[in-house]
Amino acid sequence: MKQLQCNTILVIVSAILLGTPVTAQVKNAFQYEIQKSVQATKGAVVSAHPLASHAGISVLKKGGNAMDAAIATQLALAVVYPGAGNIGGGGFLVAQMNGGKRIALDYREKAPSKASRDMYLDSTGKPRFELSQSGHLASGVPGTVAGLFAAHAYAKLPFKDLIQPAIELAEKGFVITQHEADGLNSTKTAFLKNNTRPTAFVKEKPWKAGDTLVQSELAGTLKRIRDNGVRGFYEGETAKLIVEEMQRGGGLITREDLRQYKAVAREPMAFPYKDFTIISMPLPSSGGIIIQQMLKMVQKRDLSSLGFQTPASVQLIVEAERRAYADRAEFMGDPDFVKVPVKTIVSDSYIQQRMADYRQDTAGSSAVTKAGVVPHESEQTTHLSVADRWGNVVSVTTTLNGGYGSRTVVGGAGFLMNNEMDDFSVKPGVPNMYGAIGNEANAIAPGKRMLSSMTPTIVLKEGKPFFVVGTPGGTTIPTSVFQALVNVIDFNMGTEKAINSAKFHHQWLPDEIMVEPDFPETVREALRKMGYKITVRGFIGRTEAILLKPDRKGGFTLDAVGDKRGDDHAEGY
Ligand code: GLY
């Protein structure tokens with residue numbers, strides 16, 4: 001058993017390697033261990049950080065339901081995982097409540113009212129990505145706090161109980177992991193460039209694992225939210241501080257933009273796959289549409305008979321991904337602003353026609369499969385999955401977009417703003433800095449939501465919750481969720497193998513299969529022989545999943561697993 005001792009943080013690396021659940025040991029914010037998997041019967045929470053999963057479990061133990069836990073976990077992530085957890089960003093929540101109520105909450109950021117289509121172009125029409133990706137101008141109007149209060153309608157406990165763990169973590173501090181120390185150190189230059197007020201994230205000496213991070217200004221903001229509700233963020237002192245920060249750095253968000261922000265309840269995307277029902281996020285996420293398309297494209301060809309990660313099954317998945325991502329770029333944007341032919345592009349006849357030129361053993365071509373191109377998306381988002389003893393399940397993906405968002409901290413309020421404006425097509429029809437072209441459907445307009453890939457998903461079996469899943473990863477999100485789904489449904493895998501197996505990704509352009517370093521060499525070679533270009537990249541996503549197995553007493557055994565790829569932590573009881 002290899003153990004890594006970092007001051008008071010004990011990181012158990014072996015749990016995942018050996019597949020053996022270990023006992024959760026989150027004693028307090030200064031003594032905690034990372035636990036990768038747990039089996040539970042009363043409730044489980046999986047998130048990107050042990051202290052956040054623990055906050056969720058603590059409210060379940062107080063009598064809260066899965067929605068209470070999802071709210072408390074998100075708020076704690078805003079403190080202990082500043083790289084992606086947030087109150088200055090946005091997210092999507094998909095849930096099925098005991099009794100069958102299905103929920104899809106959209107609290108995606110919006111373009112400020114002063115935003116315009118060409119706001120990131122210079123006088124020669126050249127995109128200035130440094131402005132859409134970093135600093136004040138990169139921020140959309142944050143949606144997370146509105147989303148948390150919209151979610152609270154389905155919770156049981158008072159909001160003040162759900163925010164309390166986050167307040168304590170911000171006020172008293174917590175010790176950081178090596179991952180967090182690395183993230184803060186590598187972002188120091190950007191923090192110094194983008195901020196004129198002191199921030200908790202910058203100190204003279206480099207951060208190291210075991211250092212304590214105290215966020216007093218953030219604690220103050222969280223208390224204003226506790227005391228004044230949604231207005232504690234969108235009006236009053238916090239709104240004033242956001243607008244002052246925007247004015248200091250040339251950002252566009254106004255008090256009126258904040259006052260007018262509303263989370264939106266959408267109709268969840270629900271569709272059958274084999275004997276299961278998949279529930280996922282509709283537009284402005286592309287995720288629910290894409291996974292429906294991809295699952296339909298592989299369904300008739302029976303993946304399981306092709307075998308897990310054989311050249312034939314990988315090729316089939318890749319060709320489904322190529323076609324779905326081409327459609328994403330061509331058609332998708334905020335449905336409140338553009339007409340997206342959703343019914344058509346998920347219809348059986350369209351899917352059949354889309355796969356008509358699929359040839360087994362021969363690489364397809366993105367020059368032939370015509371459509372727009374997928375714009376680059378940052379991969380620093382975060383996901384949490386929650387299940388409780390009553391059969392409520394909640395799947396949430398939330399984001400600042402890039403790691404630490406715009407790297408701009410709201411002076412006096414202590415939280416990071418998003419750089420979500422970069423998820424729009426900065427210049428429709430022209431390749432961006434990554435060689436990708438965006439489309440008109442996702443062009444910038446005042447008050448519009450930028451297209452997202454976040455795909456919080458729930459699978460039902462005979463109407464009952466069966467699998468809760470999601471991941472960060474920008475454009476790799478739908479492929480990661482798609483592969484987790486087929487791993488569980490078609491390849492009959494347990495949770496741990498389903499999310500930790502090597503992943504691969506194709507997004508139409510660039511026309512290549514990106515593979516994780518541990519993707520088998522023999523399969524890479526077979527795919528090369530078919531005509532595919534293979535590129536090895538770093539880890540793809542950080543999937544958090546819970547598999548629910550009905551027990552004899554009408555309850556469930558919850559098999560919860562945090563991804564091997566980060567500080568992800570599964571806790572249950
Ligand atoms: N910012 C990542 C996404 O929304 O997909």
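This chain uses plain numbering: 1 for the first residue, then up along the sequence. Ligands are counted one by one from 1 in listed order, and the atoms in each one are counted from 1 as well.
- Note on ring orientation: taking the six-membered ring where Trp is involved, the planes of Tyr261 and Tyr234 are parallel (angle under 30°, cut-offs 30° and 60°).
- Residue contacts with ligand 1, taken as heavy atom pairs separated by less than 4.0 Å, involve Glu420 solely via side-chain atoms from C-beta onward.
- The two residues Lys503 and Phe519 come nearest to each other via the heavy atoms O-CD1, 4.3 Å.
- Below 30°, between 30° and 60°, or above 60°: for Phe415 and Phe233 the angle between ring planes is between 30° and 60°, a tilted geometry.
- Short contacts between ligand 1 and Thr399, defined as distances under 4.0 Å to a heavy atom of the residue, involve ligand atoms 1 (N).
- Contact atoms of ligand 1 toward Ser453: 3 (C), 4 (O), 5 (O) (distance under 4.0 Å to a heavy atom of the residue).
- Counting heavy atoms only, Ser452 comes closest to atom 3 (C) of ligand 1 of the residues Gly91, Gly405, Ser452, Pro284.
- Under 4.0 angstrom from ligand 1, the non-hydrogen atoms of Asp423 all belong to its side chain.
- When each of Thr382, Asn86, Thr381 is checked for a side chain to side chain donor-acceptor pair (under 3.5 Å) with Thr398, only Asn86 meets the rule.
- Residues passing the ring pair (Phe, Tyr, Trp, His ring centres under 6.0 Å) test with His383: none are found, sequence neighbours excluded.
- Using a 4.0 Å cut-off to heavy atoms of Met454, the atoms of ligand 1 that qualify are 3 (C), 4 (O), 5 (O).
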